[in-house]
Amino acid sequence: MEKTKKFLLQESELPTKWYNIVADMPNKPQPMLHPGTKQPLKPEDLYPIFAEELANQELNQTDTWIEIPEEVREKYKIYRPTPLVRAYNLEKALDTPAHIYFKNESVSPVGSHKLNSALAQAYYCKKQGITNITTETGAGQWGTALALAAKIFGLELAVYMVKISYEQKPYRRSLMQTWGAQVIASPSMSTKAGRKTITENPGYQGSLGTAISEAIELAMSTPNCRYTLGSVLNHVSLHQTVIGLEAEKQMEMTGEYPDIVIGCFGGGSNFSGISFPFMRHNIKEGKKTRFISAEPASCPKLTRGVFQYDFGDEAGYTPLIPMYTLGHNFAPAHIHAGGLRYHGAGSIVSQMMKDKMMEAVDIKQLDSFKAGVLFAQTEGIIPAPESAHAIAAAINEALKAKEEGVSKTILFNLSGHGLVDMSAYDQYLAGDLINYALSDEDISKNTDKLEKIV
Ligand SMILES: *Cc1c(COP(=O)(O)O)cnc(C)c1O
């Protein structure tokens, strides 16, 4: 019998609702706190920063299903539904009895899953009459996604891009500019937070934390302007559940159900997106699927961080979030998976980690590239360095299945392609990349400084 490689849905099968797992969680995440008063956050507290609908979604703990607006579904059709693919050639190369499937989010025009939330966020801003939006971007993927979404919905966008990426990754900057966004290297002289950083630390190459502070400051000081964030927050994870909801239908087409679901982990949005719809069956029906997040060994918030209230940014503008964190002043090594260099995890995932509803593994940089190259040579797609962490974790599980002589069904999310990251592959192929060791002291010197609230 001929084997099916790609499992495809019709446009008419696009999900009509996002899945809000908080409504189903046995233990809800602890409340986020107002950074000034330290009181539980109310949606109104977020209105100056975020579009109101997004602020409401952020704190919604009661509605299990949230309607995807018609206008957003219409734009999703540019690239959704995305394929679910059986990785036969990778299975063969590993000589494993495991069945490996991946959800291919790299087919979006920006090359990653981030457009799923960018379109939703731009839409809600537009609907509220907002004209300008700001954001930060590290490796550039969120900025590129938002640049396209802003153009589609007719908004002006200013992106603060971490300076080292701005200089080393000119193509993501060109993508954003092609889609019409203004791109500013961060730290910049255009905000108080940026000026403070530059004067205290001349020559600083920038960090996601500083860029977030700059973008929020601009949003709060500019009329009719709001800030947007591409990961970490609950509403971002909510929008990304469109990935897992499609995958759920596609797994049905394969006649299998995943034993293991894997996503790489920066702030948690693509991991949440692929996992939550399947985790629903663990919560509701007692299914025993394992959920594994794959983070870089050099930025190990879930495997080695502390559970503590912490800020999402360096300057302390964001709400205090109950999260696994390495401390908001943590400066991760300059690994090539830029999208995974974030100090904390979102509040939903952090609570799940605490409640052992999911697991985390850390992947060394060289192992991630080795996995990425094997995937490219077997399945043809050059993965984003971030996604290569999920591939490495999937390979580890497939090899364990082989050792144990059992067949497992493994599903991972291919969060993006690596075609704009070829300088990283160049360095790997030339033997110029290294693994970064992180001592316990490197971690505790930041986490010890966090104010203890609980
Ligand atoms: C941003 C990004 C990530 C990490 O972000 P999450 O919010 O953890 O998903 C992973 N993969 C790609 C391709 C990205 O662009």
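Order of appearance sets the numbers: ligands from 1, and atoms from 1 within every ligand. Hydrogens, waters and symmetry mates play no part in the numbers below; they use all other heavy atoms, side chains included.
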What I'd like to find out is whether the side chain of Met323 reaches to under 4.5 Å of the side chain of Ser350, using heavy atoms alone.
yes
So is Gly267 polar-close to ligand 1, meaning N/O to N/O under 3.5 Å?
yes
Whether the side chain of Gln365 engages the backbone of Ile434 through a donor-acceptor N/O pair (distance < 3.5 Å, no angle test) should be reported.
yes
I'd like to know if Lys400 pairs up with Glu397 as an ion pair, taking the criterion as any Lys NZ or Arg NE/NH1/NH2 lying under 4.0 Å from an Asp or Glu carboxylate oxygen.
yes
Run through Asn270, Leu414, Val242, Asn116 and flag the one making a side-chain contact (heavy atoms from CB on, under 4.5 Å) with Glu105.
Asn116
Tell me, please: is His113 in heavy-atom contact with ligand 1, that is, under 4.0 Å?
yes
Students should be able to answer this: which protein heavy-atom is nearest to atom 8 (O) of ligand 1, and at what distance?
Gly266 N, 2.6 Å
So, does Thr134 use its side chain to make a donor-acceptor pair with the main chain of Leu218 at under 3.5 Å?
no
Which residue owns the protein heavy atom closest to atom 4 (C) of ligand 1, what's the atom, and how far is it?
Gly339 O, 3.4 Å
Suppose I only count heavy atoms of Cys264 and a 4.0 Å limit; which atoms of ligand 1 are within that range?
10 (C), 11 (N)
In Å and rounded to the nearest 0.5 Å, what is the OG to OH distance from Ser186 to Tyr166?
11.5 Å
Run the numbers for me: atoms of ligand 1, each under 4.0 Å from some heavy atom of Gly416, listed by number.
13 (C)
Starting from atom 7 (O) of ligand 1, locate the nearest protein heavy atom and write down its residue, its atom name and how far away it is, to 0.1 Å.
Ser231 OG, 2.5 Å
For Gln141, the ligand 1 atoms with a heavy-atom partner under 4.0 Å come out as 14 (C), 15 (O)
At less than 4.0 angstrom from any non-hydrogen atom of Leu340, what atoms of ligand 1 do you find?
4 (C)
Measure the acute angle between the ring planes of Phe369 and Tyr428, then classify it against the limits of 30° and 60° as parallel, tilted or perpendicular.
parallel
Side chain, backbone, both or neither: the part of Trp142 lying under 4.0 Å from ligand 1 by heavy atom:
neither
Closest protein heavy atom to atom 11 (N) of ligand 1, given as residue, atom name and distance to 0.1 Å
Ser415 OG, 2.7 Å
What residue and atom, counting heavy atoms only, is the protein's closest point to atom 3 (C) of ligand 1, and at what distance?
Lys114 NZ, 3.5 Å
A student checking ligand 1 against Glu386 at a 4.0 Å heavy-atom cut-off should list atoms 10 (C), 11 (N), 12 (C)
Does the side-chain hydrogen bond (donor to acceptor under 3.5 Å, both in side chains) test come out yes or no for Asn89 and Thr378, once each step is laid out?
CA-CA 5 Å; Asn89 299 323; Thr378 49; over 6 Å; no
Give yes if a backbone or side-chain nitrogen or oxygen of Gly268 is under 3.5 Å from a nitrogen or oxygen of ligand 1, and no if not.
yes
Would you please classify the geometry between the Tyr227 ring and the Phe50 ring as parallel, tilted or perpendicular, with 30° and 60° separating the classes?
tilted
